[in-house]
Protein chains: 2
Amino acid sequence: MRLQPRNGRAPSVKDVAAAAGVSLGTVSNVLNRPAVVSTATRERVERAMADLGFVRNESARQLRAGTSRALAYVMLDGGNPFFHDVAEGIETAAEDADLSLFVCNSSGRSDREAKHIDRLVQQRVQGILITPVDPDAAHIAEIGQRGIPFVMVDRLSQDGGHCSVAVDDVLGGRIAVEHLIDRGHRRVAFVGGPPSIGQVRERLQGARAVWAEFGMPEEDLIHLPTEALTVSEGRSAGERLAGLPTRRRPTAAFCANDLLALGLLQHAVTAGLRVPDDLAIVGFDDIDFAAAAAVPLTSVRQPRQELGRTAARLVLDEATNPEHVHEQATFVPALVARASSGTVRR
Amino acid sequence: MRLQPRNGRAPSVKDVAAAAGVSLGTVSNVLNRPAVVSTATRERVERAMADLGFVRNESARQLRAGTSRALAYVMLDGGNPFFHDVAEGIETAAEDADLSLFVCNSSGRSDREAKHIDRLVQQRVQGILITPVDPDAAHIAEIGQRGIPFVMVDRLSQDGGHCSVAVDDVLGGRIAVEHLIDRGHRRVAFVGGPPSIGQVRERLQGARAVWAEFGMPEEDLIHLPTEALTVSEGRSAGERLAGLPTRRRPTAAFCANDLLALGLLQHAVTAGLRVPDDLAIVGFDDIDFAAAAAVPLTSVRQPRQELGRTAARLVLDEATNPEHVHEQATFVPALVARASSGTVRR
DNA sequence: TTGTAGGCGTTATCAG
DNA sequence: CTGATAACGCCTACAA
């Protein structure tokens, strides 16, 4: 392989044509409509391409085609395995459609998110999937106004102005707390925040609803707010919880996601609380690390990969189907009971 | 904002020029050398760009420039938070250089890796960072032959034919096992595989070396092979370990990475082994979940973000500095002792 | 079946 | 500051 034909420049179709002794159009045909070229010429051209180490220039193709052959996913928190699993689901769908997937991570920062979106628009990606920091931010609305197909992931659209996929978070909150009531718990903590995150609000809302329906006193569902949905915030919530006087201390905690639950679990063990006997714990998302915790974590399962696949399907439909109508795909969460909420009390 | 000027086509510099009543060259100047344009005209042009919702077309820029303004990282296992942290380090460096970062995930599959590389070459990225499935694969060597700057991450170059960054894995194995010997363990398991993974081989090699230096009998360092470096493989190694007769069972395990260690920890707890009293555990990488485990995990720390930042620095040097010489950046791993190896025996 | 011409959007250059 | 023009590499007509 001679890989640097014209002093440093990558070989172009022209170079291939020259090397193969055919015209430029023939090379293009070999690439795009191999059927119309005679076998002999085709092989000669392919040989020349291999010899030169020819690689199509994607920017030129793109410029010509007017659009790139890529999708993008902007995720909220790359440190949370949940989003990685969603991305995997998107990627399988993108692969099936022979599209690349650009994965970006806003790390919960709106400025970074806006910057990523800017770049993606410049790249003319075919569609944007996003789990937004703030679904009402101006730079989110602009995506749709630009006519770029886009789908909100893990967050339902309020106004139906675009597609979205998510589980029913209110229901998720309900089944988590109902499970704890079932297990005999009469004093439960909800661990989660900040309330600016919609998922947190809805999971809490579901928890409160079912708590009231069972006729439990409102003050016995205790909200332990956190600054973020992270392991270390879970740990600090654990400190506050362990610090409560025994008769005020909840016997169970429902955490707004698994990272919080893992942090809480860790602090509880450190503080000498037995899980689930002294403190039962339920998380949300059912990331792989939940099942892998030293006390396997009961969690509300989201169909992570399927969320991603569905989101990709919707964005592709919007990109290709002129009859497309926006769709809010809602999935039903399911409780996965493990040891951390294991025993029935009394 | 009128966002669709010419029936569906995104507005171009030409449209902006027309709208602002200036020439195309002036628009280009506003974009690329704002200093040479008078304030009044510049503002008029900027106004027109905003009105039209003009966004530079990156493919056209790229075609013109001959290279994209992006770096890429192909990681080995997106499900392992270690690689996410490395990617974060790369991204900060890329941001400083005003470059985009494309993050790809081979999921340990060589075919997926090759496909990603193909795409990246077509995109004419400025450089490729990669933690390869197999450093000797043909598609890896081709990257260098193509003249694309590239750096191997978490794996040292054997022949110096390219840059690489990694910790000293042999040393990592040494300090892990020395720590266990220190703690009084005389029968230790090494959990890890497959041996096709260089990191596994070297960590084992270090473990064996220090074991011999302390005069311990070879057969008391027991290799429990695994198929992969995952939580579930760790769990299954745990089953094998717990199944051993008590007098043959190691009192400690050194795992080739933290995912294995977390899986092993989980099974140990389930099987009724106390950690660290019945079984001490040491992992490798020191991912955040290691500290967050219910029994916080002792681990050999890699400077994850710094590996990424350094790799990015090297690839940028290769891309821009004609005097560039390949460099093997080696970092020193450090033991982080936590509860999972906590007590001194006897 | 092959060759040729034009254009995608951007940037750079050069003469006014 | 304008206006015109060429070039990047590819693709698709259309003509031979």
Side-chain angles (χ1 to χ4, degrees), chain A residues 4-46 48-49 52-69 119 121-126, chain B residues 5-46 48-49 52-69 119 121-126 146:
Chain A
Q4 308 286 3
R6 297 184 329 231
N7 74 90
R9 278 227 152 286
S12 74
V13 279
K14 232 180 198 160
D15 300 312
V16 174
V22 300
S23 83
L24 188 156
T26 306
V27 177
S28 180
N29 281 336
V30 170
L31 287 168
N32 303 299
R33 301 127 73 176
V36 311
V37 183
S38 76
T39 315
T41 351
R42 199 180 62 230
E43 277 167 1
R44 201 145 41 90
V45 172
E46 279 165 351
M49 296 200 287
L52 262 49
F54 167 79
V55 178
R56 273 156 131 120
N57 182 324
E58 181 65 23
S59 16
R61 289 187 84 182
Q62 222 165 274
L63 175 58
R64 168 73 219 215
T67 173
S68 82
R69 301 158 17 73
R119 282 208 251 253
V121 176
Q122 287 175 209
Q123 312 256 9
R124 304 290 194 265
V125 294
Q126 296 222 351
Chain B
R6 295 187 329 235
N7 74 89
R9 277 226 153 286
S12 74
V13 278
K14 234 178 197 162
D15 300 312
V16 174
V22 301
S23 83
L24 188 157
T26 304
V27 177
S28 179
N29 281 336
V30 170
L31 286 168
N32 303 298
R33 301 125 75 173
V36 310
V37 185
S38 77
T39 314
T41 344
R42 200 180 61 231
E43 277 168 0
R44 200 146 42 89
V45 171
E46 279 164 351
M49 296 200 288
L52 263 48
F54 167 79
V55 178
R56 272 156 133 118
N57 182 324
E58 182 64 23
S59 14
R61 290 186 85 182
Q62 223 165 271
L63 175 59
R64 170 74 218 209
T67 173
S68 82
R69 302 156 19 71
R119 283 208 250 253
V121 177
Q122 288 176 209
Q123 312 256 9
R124 303 292 194 265
V125 293
Q126 296 221 352
R146 284 233 152 67

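Below, chains carry the letters A, B, ... as their sequence lines are ordered, and counting in each starts from 1. Only heavy atoms go into these numbers, but all of them, side chains included; no hydrogens, no water, no symmetry mates. None of the values given here were measured: they were computed from a predicted structure.
Between the CZ atom of B:Arg61 and the C1' atom of C:dC8 there is a distance of 17 Å, rounded to whole Å. Separating the CG atom of A:Asn57 from the P atom of D:dA7 is a distance of 18 Å, rounded to the nearest angstrom. Computed from coordinates, the B:Lys14 NZ to D:dA4 P distance equals 11 Å when rounded to whole Å. A:Leu63 places its CG atom 9 Å from the P atom of C:dT10, with the value rounded to the nearest Å. The CZ atom of B:Arg33 sits 16 Å away from the P atom of C:dT10 (whole-angstrom rounding). Between A:Gln62 atom CD and C:dG9 atom C1' there is a gap of 12 Å when expressed in whole angstrom units.
Here A:Arg56 pairs with A:Leu31, A:Asn32, A:Phe54, A:Arg61 under the side-chain contact (heavy atoms from CB on, under 4.5 Å) rule; sequence neighbours left out. With sequence neighbours excluded, no residue forms a side-chain hydrogen bond (donor to acceptor under 3.5 Å, both in side chains) with B:Arg69.
Panel note: side chain B:Ser68, backbone B:Gln62; no donor-acceptor pair is recorded below 3.5 Å. No donor-acceptor distance shorter than 3.5 angstrom exists from the side chain of A:Arg33 to the backbone of A:Val30, with no hydrogens or angles considered.
Counting only heavy atoms from C-beta on, B:Phe54 has its side chain closest to C:dT10 among C:dT10, D:dC11, C:dT11. Checked against C:dG3, D:dC10, C:dT10, the side chain of A:Val22 finds its nearest nucleotide in C:dG3.
Closest heavy-atom contact between B:Pro11 and B:Gly53: CG-O, 4.0 Å. Between A:Gln126 and A:Thr67, the shortest heavy-atom contact is CG-OG1, 3.6 Å. Across A:Asp15 and A:Ala10, no two heavy atoms sit closer than the pair OD2-O, 4.2 Å.
Dashed line: the shortest gap from a side-chain N or O of B:Asn32 to OP1 or OP2 of C:dT11 is under 4.0 Å. Phosphate contact (OP1/OP2 of C:dT10, side-chain N/O of B:Arg56, threshold under 4.0 Å): absent. Side-chain N/O atoms of B:Arg64 include none lying less than 4.0 angstrom from OP1 or OP2 on C:dG9.
Both B:Ala40 and B:Ala60 lie close to DNA chain D; mapped to their nearest nucleotides by heavy-atom distance, the more 5′-ward contact belongs to B:Ala40.
Residue B:Ser59 is classed as having no contact, given no heavy-atom separation below 4.0 Å to the nucleic acid.
Residues from residues 23-30 of chain A placing a heavy atom under 4.0 Å of any atom in DNA chain C, listed by number, are A:Ser23, A:Gly25, A:Thr26, A:Asn29.
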